[in-house]
Amino acid sequence: MNNLVIAETMEGIAQLLELKGESPFKVRAYQRAAQTIENLPVEAERLMREGKLREVPGIGESISQKITELLTTGKCDYYEQLREEFPSGITRLMEVPGIGPKTANRLAGELGITTVAELEQAVLDGRVAKLPRMGEKLAENILHHVRSLRRKDQRIPLGQALPVAEAIVAQLKDNPALRNLTPAGSLRRRVETIGDIDIIGTSDNPQNVMDQFVHLPQVKEVLARGPTKTSVLVEGGLQVDLRLVEHEAFGALLQHFTGSKQHNIDLREFALKRGLSLSEYGITHLREGWLQKFTDEEAFYAAIGLQYIPPELREASSELEAAARRAIPRLVELQNIRGDLHTHTDWSDGHSSLRDMVLAAKERGYEYIAISDHSVGRGVARGLSVERLRRQREEIDELNRSIENIIILQGAEVDIRADGTLDFPEDVLAELDVVTASVHSSMGQDEETMTNRILKAMQSPHVDVIGHLTCRLLGHRPPVAVNIETVLRAAAATKTALEINAQPDRLDLKDLHIRQARDLGVTLVINTDAHWVRQLDFMRYGVAMARRGWCDPQHILNTRTLADVLAFLRERRV
DNA sequence: ATGGCTATCCATGTTTACCAGCTGGTAAA
């Protein structure tokens, strides 16, 4: 059982305890445990075998027992019993923004509502607004959120799917019967959310590989089994398809199953005009009537007379035309990244120490890292007072003296308050090396108010970057209403950088907006917003989005040297 | 529930926004 499943169970327990009205500290203990496990650098299963579970901070006697039970029996009695105490589905109500445990309990108890559909009906009937201490405004709010949740993407975030696919590939790769093996489909194109995972490969003995595949420990159910295609469900309900073909056809097959569908349609049309018919088996030269096979994709595109198109660009958005002109950009790569300009520490709501974050950044080969803890108004995140901010500067100065080969910048993630003012005074912001300003509250504002709010923040000479512009959380919260183009134009004019937030549930800006920003000459910066040492590795997802937005290294601020980054920041502050 | 400690005990995250009803509860992440 992987850590994510354990974390979800702990989170489930926390929710039910909250509903039950248990001590908030007990609830927090389970929430903390859930977060810790999700961010553990090793499998909890291994820690259990080595008897080291209890050494993890936040995991004590009771929780370690429950984890052990989960790992050995696949179930947790305590959780099951808690679930029986409440109508099933009540925790789904709590997933609607604005509904917490108190409201969920009242809706269930006083109106008998246990599903989101029933909730919507009750709002429409006016039954919700009639409850004491509820009203029209709250009911309307609930309806709004219910409807946007229904529209929500049921797909899995890239950041969850990619590790699953990579783990499977890693486990199968040693099989001597295999020659190639790689994820294809939307995963290979690095689409922000994934439907199911397609892995394709070539083998001289497919039966043997399929046999190993269906017996992988994370496989929960075999849906279909054949020599060329096998489908399974893995932990977390994700479907994984494995296709195997003969080696000579790999290039065409990989191209075909990478998509996108529209890219392939366009490509086939393009090729037909040149007397070529494309298929997953290869390219048929229509005049001579022979099938050309390909062991790799580069040759496939070359045979059509096109420059190679990286998977991230295969979205039918002018890539064919660019490839024909040999004008595909040299896309930014992870190796181009020289630093991270948005990270948190345990000074605010991060979980790793400042020192550990710096050392981890150094391990990743970075030249610089900016520590950007929350500003004072972000109470839930233990935002820094001006006084604590200055004490943090002392620690940073000290670490800059004692740690070599990396420069630590002091930043802050300063709240853009509801009226567009900033949560630190300008003279305090002036002391910082880099300031990221973000919206964290009043996300329901109308488009004009929200746009003006952000424009106002950009007017400050000390705001260098706007963080996670739309505040979306994939599958949980829709983007705020904001006029993207207006913001992009203002960013270009004020030389404010826009963040590509690499947290897998944010990926904000999204690909289309990144490309728009790039075309308008906006400087972009890829940040992890890491709250744990390990989340520094989210950088790859941000890089993937930048690639999907057609960015080459020069569009991205943190591919530049420290001197150039500082020059950019100084220019902003004149 | 955890973890530190004068321990069969005690402390544990704080500020803002919103809304229903005019001061306080609820949620945020």
Side-chain angles (χ1 to χ4, degrees), chain A residues 10-11 13-39 53-67 76 78-79 82 93-107 128-142 144-145 344 346-351 373-386 388 413-419 421-424 438-445 449-450 453 468 471-477 480 501 503 505-506 529 531-532:
Chain A
M10 294 301 134
E11 182 58 45
I13 291 176
Q15 270 192 334
L16 292 167
L17 290 175
E18 205 176 1
L19 273 171
K20 210 174 159 179
E22 274 280 4
S23 144
F25 300 112
K26 192 166 168 178
V27 174
R28 269 210 60 77
Y30 278 100
Q31 284 173 340
R32 266 171 38 101
Q35 284 202 344
T36 306
I37 292 159
E38 196 180 327
N39 287 284
L53 264 180
R54 298 248 347 225
E55 289 172 24
V56 178
I59 296 182
E61 185 181 350
S62 177
I63 292 184
S64 70
Q65 272 174 19
K66 290 179 179 85
I67 294 174
C76 172
Y78 182 66
Y79 181 46
L82 273 174
L93 294 183
M94 288 166 67
E95 283 167 22
V96 178
I99 297 183
K102 294 280 195 319
T103 314
N105 254 335
R106 292 189 60 198
L107 291 170
V128 172
K130 284 207 190 77
L131 288 177
R133 295 214 135 260
M134 308 273 276
E136 282 298 329
K137 197 81 187 241
L138 268 177
E140 194 185 306
N141 229 331
I142 289 174
H144 171 78
H145 284 298
H344 295 270
D346 57 13
W347 278 82
S348 68
D349 63 345
H351 300 266
D373 278 308
H374 288 283
S375 58
V376 61
R378 206 86 299 273
V380 284
R382 281 204 311 150
L384 271 59
S385 63
V386 172
R388 286 181 68 220
E413 182 177 19
V414 61
D415 264 36
I416 304 174
R417 292 193 287 233
D419 61 358
T421 58
L422 298 167
D423 195 38
F424 278 138
S438 312
V439 167
H440 290 110
S441 59
S442 306
M443 295 184 190
Q445 291 177 335
T449 311
M450 180 63 81
R453 172 183 181 183
H468 50 69
C471 300
R472 72 169 180 177
L473 291 176
L474 288 169
H476 294 287
R477 184 169 66 208
V480 299
N501 189 297
Q503 291 272 327
D505 58 351
R506 289 193 186 269
D529 197 357
H531 286 67
W532 306 72

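Chain identifiers are assigned alphabetically (A, B, ...) following the order of the sequence lines, protein sequences preceding nucleic acid strands; residue numbering begins at 1 within each chain. This is a predicted model, so every value here is computed, not measured.
Minimum heavy-atom separation, P57(A) to T36(A): O-CG2, 3.9 Å. Closest approach of A14(A) to Q31(A), counting heavy atoms only: CB-CG, 3.6 Å. Residues C471(A) and M443(A) share a closest heavy-atom pair of CB-SD, 4.0 Å. Between A139(A) and V128(A), the closest heavy-atom pair is CB-CG1, 4.3 Å.
Per the geometry, NZ belonging to K130(A) stands 19 Å off C1' belonging to dG21(B), to the nearest Å. Atom CG of D415(A) and atom P of dA17(B) are 9 Å apart (whole Å). If you take CZ of F25(A) and C1' of dG4(B), they are 16 Å apart, rounded to a whole angstrom. The nearest whole Å value for the distance from the CD1 atom in I59(A) to the P atom in dG3(B) is 9 Å. Counting to the nearest Å, the P atom of dA28(B) and the CZ atom of R378(A) are 12 Å from each other. Nucleotide dA29(B) holds its P atom 14 Å from the CE atom of M94(A), rounded to whole Å. For I37(A) and dT2(B), the CD1 to P distance is 11 Å, given to the nearest whole Å. Here the P atom of nucleotide dA1(B) and the CG atom of L53(A) are 17 Å apart, to the nearest Å.
Using the six-membered ring where Trp is involved, H374(A) and H531(A) have ring planes that are tilted, between 30° and 60° apart.
Residues V439(A) and R453(A) form a side-chain contact, since some pair of their non-hydrogen atoms from C-beta on lies under 4.5 Å apart.
Among the nucleotides dG13(B), dA1(B), dA28(B), the one closest to the side chain of R382(A) is dG13(B). Side-chain proximity of D349(A) to the nucleotides dA27(B), dG13(B), dC19(B) is greatest for dG13(B). Closest to the M443(A) side chain, of the nucleotides dA29(B), dA1(B), dA20(B), is dA29(B). Here the nucleotide nearest the side chain of A29(A), chosen from dA1(B), dC19(B), dT14(B), is dA1(B). Nearest to the side-chain atoms of K26(A) among the listed nucleotides dA27(B), dA20(B), dA1(B) stands dA1(B). Picking from dA1(B), dA28(B), dA17(B) the nucleotide with the shortest atom distance to the side chain of S62(A) gives dA1(B). Listed nucleotides dA1(B), dA17(B), dC19(B) differ in distance to A418(A); the shortest reach to its side chain belongs to dA17(B). Closest to the side chain of K102(A), out of dA27(B), dA28(B), dA1(B), is dA27(B).
Base pairing of dA27(B): its partner is dT16(B), meeting the Watson-Crick or G-U wobble criterion (both donor-acceptor distances under 3.5 Å). Look at dG3(B): its Watson-Crick or wobble partner, with both distances under 3.5 angstrom, is dC10(B).
Across dC22(B) and dT12(B), the matching P atoms stand 34 Å from one another, rounded to whole Å. Going from the P atom of dC18(B) to that of dT14(B) covers 22 Å, rounded to whole Å. dA27(B) and dA20(B) are spaced 15 Å apart, taking the C1' atom of each and rounding to whole Å. Nucleotides dT16(B) and dA29(B) have their P atoms positioned 16 Å apart, rounded to a whole Å. Comparing the P positions of dG13(B) and dA17(B) gives an interatomic distance of 23 Å, to the nearest angstrom. Using P as the reference atom, dA11(B) and dT6(B) are 13 Å apart when rounded to the nearest Å.
Contact annotation for P24(A): no contact, since no heavy-atom pair falls under 4.0 Å across all strands. Within 4.0 Å of Q65(A), counting heavy atoms only, lies no atom of the nucleic acid at all. Within 4.0 Å of R477(A), counting heavy atoms only, lie sugar-phosphate atoms of the nucleic acid but no base atom. Using a 4.0 Å heavy-atom cutoff across all strands shown, S23(A) reaches no nucleic acid atom at all. If you check every strand for non-hydrogen atoms under 4.0 Å, R32(A) touches nothing. The residue A33(A) sits apart from the nucleic acid: no heavy atom pair falls under 4.0 Å. G379(A) comes within 4.0 angstrom of a base, heavy atoms only. Across all strands, E61(A) comes closer than 4.0 Å only to sugar-phosphate atoms, never to a base (heavy-atom distances).
Neither OP1 nor OP2 of dA28(B) sits under 4.0 Å from any side-chain N or O of S441(A). Side-chain N/O atoms of S442(A) include none lying less than 4.0 angstrom from OP1 or OP2 on dT16(B).
You won't find any donor-acceptor pair under 3.5 Å spanning the side chain of R133(A) and the base of dG21(B), going by distance alone.
Atom CZ of R32(A) sits in a sparse spot, with 12 or fewer heavy atoms from other residues, nucleotides or ligands closer than 6.0 Å.
Mapped onto DNA chain B by nearest heavy atom, V56(A) and R506(A) fall at different nucleotides, with V56(A) at the one closer to the 5' end. Projected onto DNA chain B by closest heavy-atom contact, M134(A) and G60(A) fall at different nucleotides, the more 5' of which corresponds to G60(A).
Screening V376(A), L422(A), D423(A) against D415(A) for a side-chain contact (heavy atoms from CB on, under 4.5 Å) leaves a single residue, D423(A).
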